Amino acid sequence: MKNHITRLLDNSLLKNTGIYTITNIINVSIPFFMLPILTRYLSPEGYGMVSMFTLLITLIAPFTGLNVHGAIARQYYNQEKVDIWSYTGNALGILLLSSSMVGVIFYIFAGLIANITSFPVQMLWTVVVFSFCQFVINIIMTIWQVQKKSIYYGFFNIFKSLSNIGLSIVLVISIGLGWQGRVYGQLIATIIFSGIAIYYLIKNKWVKFNINKEYIVNALRYGVPLVPHALSGSIISMTDRLFITNMVGLSATGVYTVGYQVGSIINILAMSFNNAYVPWLYERLKKNEYKTKVNIVKFTYIYFVSIILIAILLGMMAPYFLKLFLGKSFEESSVYVIWIALGYSFQGMYFMVVNYIFYAEKTKYLAMVTFITSIVNIVLNYYFIKIYGAIGAAQATTITYLFKFLFVWYLSHKSWEMPWNLKAIVK
């Protein structure tokens with residue numbers, strides 16, 4: 001057993017996981033340690049407004065670029081048939097066109113969007129620009145990920161967050177722009193680093209601007225079926241706060257969001273590991289060896305147990321830590337942490353099984369998952385918040401992520417057969 005796990009966790013996976021984890025912890029720690037500042041200079045209502053900005057970005061992200069950066073990652077392992085840099089150029093073309101369409105829709109329905117989210121009409125343009133620039137950054141990050149250049153990936157992320165926070169502090173505290181300063185701080189930093197990303201793409205000749213119909217169709221065939229799937233994630237992320245805003249109040253949304261941020265530390269850990277795990281996994285799935293599959297499954301079960309235990313530990317520590325850490329108006333946020341942490345532990349388990357669907361290019365399966373999961377999440381949030389208040393939103397989120405994980409685990413087995421039978425593996 002020990003030898004199997006040792007071979008499974010070879011140096012490349014351990015090295016890249018370590019780098020991703022360390023840099024992502026540093027990356028998330030920067031805004032996390034800014035919480036004592038923001039929770040003292042922003043009211044719960046102001047923090048709720050910042051949360052609405054984030055939720056709007058999450059909502060339109062699947063439509064700006066149509067998830068084609070994932071297609072770049074998949075085709076990178078098919079370079080004997082695909083000119084990957086021409087493929088990247090066509091992906092950027094898809095981003096430009098899709099973002100323009102999103103901008104038009106936002107302009108037409110600006111009043112309705114502002115009414116539902118309480119976010120000012122005159123600032124809706126910041127959401128579209130941010131989402132466009134973030135997708136450009138996602139492309140360069142995807143390329144570094146598949147090239148296993150985890151150090152480039154990590155430092156780029158860290159410096160982007162440092163710029164984000166530095167600008168926010170200046171705009172919120174020194175200039176006194178309030179919650180608008182936090183929004184503009186994020187926007188300006190993202191614009192700057194998307195420019196750096198484009199510079200790197202051109203300098204390294206990682207992009208060719210020539211229209212290729214075959215590449216466009218292939219990228220859309222991969223990415224468009226993921227739009228409902230990604231939209232489901234957006235709905236899960238925003239439904240709780242939209243319902244809290246409209247059923248409890250914007251102030252409650254601000255307090256809830258702080259607790260959500262702390263609980264989402266588990267998501268950062270899960271994503272850090274997944275960044276290193278995906279290229280490592282794809283290389284081994286290509287061999288299609290039964291013994292390798294068994295070792296992968298063994299490790300996956302260990303991962304499942306570990307991430308749940310870490311989530312429980314975070315939830316137990318949160319009340320003591322946040323009482324000292326946050327402004328008095330936000331101390332109640334600790335009650336949400338355990339539920340959000342558990343929810344994201346199930347999301348981390350979901351990452352481990354959904355990779356098989358991506359590898360098999362059976363993304364059409366995920367459309368069904370997204371539709372059903374979104375409905376479950378909306379129904380649970382409405383009734384749980386109505387009965388239990390804002391804490392019901394956190395509980396609904398946890399149940400939704402558990403359901404999503406179990407559903408995708410079943411579909412992943414249909415997409416790419418793995419020896420999940422625990423008794424057989426032990427033998």
Side-chain angles (χ1 to χ4, degrees), residues 1-2 5 8-9 13-14 16-36 38-39 154 157-158 161 233 236-237 240-241 255-277 297-327 330-354 384 388 390-406 408-409 422:
M1 175 71 173
K2 183 178 179 181
I5 298 300
L8 179 66
L9 297 174
L13 178 59
L14 285 174
N16 287 320
T17 299
I19 293 173
Y20 282 126
T21 301
I22 292 170
T23 54
N24 276 348
I25 287 175
I26 294 171
N27 187 49
V28 74
S29 295
I30 294 168
F32 181 74
F33 284 112
M34 194 183 173
L35 282 176
L38 290 179
T39 54
N157 238 346
I158 290 171
S161 288
I236 292 173
S237 296
D240 50 2
R241 276 158 280 189
V255 176
Y256 175 86
T257 300
V258 171
Y260 195 100
Q261 276 188 268
V262 177
S264 66
I265 290 173
I266 301 300
N267 191 43
I268 299 299
L269 296 175
M271 291 177 67
S272 299
F273 179 79
N274 196 56
N275 285 336
Y277 184 68
V297 169
K298 285 179 182 178
F299 175 70
T300 302
Y301 282 126
I302 294 172
Y303 176 90
F304 286 172
V305 174
S306 300
I307 198 169
I308 289 178
L309 291 177
I310 293 171
I312 293 172
L313 180 62
L314 176 63
M316 292 172 63
M317 292 172 57
Y320 306 100
F321 181 65
L322 294 185
K323 188 174 182 179
L324 301 172
F325 195 66
L326 301 180
F330 292 86
E331 287 180 2
E332 294 181 4
S333 63
S334 62
V335 300
Y336 305 111
V337 175
I338 182 63
W339 293 104
I340 300 302
L342 280 174
Y344 273 123
S345 71
F346 297 133
Q347 176 78 342
M349 294 159 70
Y350 154 85
F351 287 151
M352 295 293 282
V353 296
V354 77
F384 276 42
Y388 304 112
I391 191 67
Q395 295 166 344
T397 299
T398 303
I399 296 171
T400 301
Y401 278 132
L402 173 60
F403 172 78
K404 181 182 177 182
F405 157 62
L406 294 174
V408 170
W409 193 4
L422 191 57

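The first residue of the sequence shown is numbered 1, and numbering continues consecutively from there. Because the structure is predicted, anything quoted here is derived from the model rather than measured. Note: hydrogens, waters and symmetry copies are ignored here, and every other heavy atom, side chains too, is used.
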Measure from the ring center of Tyr303 to the ring center of Phe273 and say whether it is less than 6.0 Å. yes

Minimal non-hydrogen separation, Leu314 against Ala341, with atom names: CD2-CB, 4.1 Å

Between the CG atom in Leu342 and the CD atom in Gln347, the distance rounded to the nearest 0.5 Å is 13.5 Å

Before we go on, tell me: are the rings of Phe299 and Phe304 under 6.0 Å apart, centre to centre? no

Does one side chain, of Tyr350 or Tyr344, offer a donor that lies under 3.5 Å from an acceptor on the other? no

Between Ala270 and Ile307, what is the shortest heavy-atom contact and its length? CB-CD1, 3.9 Å

My understanding is that only residues two or more places apart in sequence, or in another chain, count here; which of them pass side chain to side chain contact (heavy atoms under 4.5 Å, CB included) with Ala393? Asp240, Ile244, Tyr256, Asn381, Ile385

First locate atom CZ of Phe405, then atom OG1 of Thr400, and finally report the distance between them rounded to the nearest 0.5 Å. 15.0 Å

Using the benzene-type ring in the case of Trp, are the ring centres of Tyr260 and Trp339 under 6.0 Å apart? no

Using every non-hydrogen atom in the two residues, find where Val335 and Ile338 come nearest and quote the distance to one decimal. O-CG2, 4.1 Å

Less than 4.5 Å apart, side chain to side chain, heavy atoms only: is that true for Thr398 and Leu402? no

Side-chain heavy-atom pair Met349, Val353 within 4.5 angstrom cut-off: no

For side chain to side chain contact (heavy atoms under 4.5 Å, CB included), just list the numbers for Thr397 and Tyr336, CA-CA rounded to whole Å, side-chain angles, deciding distance to a tenth of an Å, and then say yes or no. CA-CA 11 Å; Thr397 299; Tyr336 305 111; over 6 Å; no

Is Met352 close to Tyr277 at the side-chain level, that is, under 4.5 Å between some pair of heavy atoms? yes

Of all heavy-atom pairs between Gly392 and Phe384, which one has the smallest distance, and what is that distance? O-CB, 3.4 Å

So which heavy atom on Ile266 is nearest to which on Ala311, and how close? CD1-CA, 3.7 Å

The reported gap from CG in Leu309 to OG in Ser345 (rounded to nearest 0.5 angstrom) is 9.5 Å

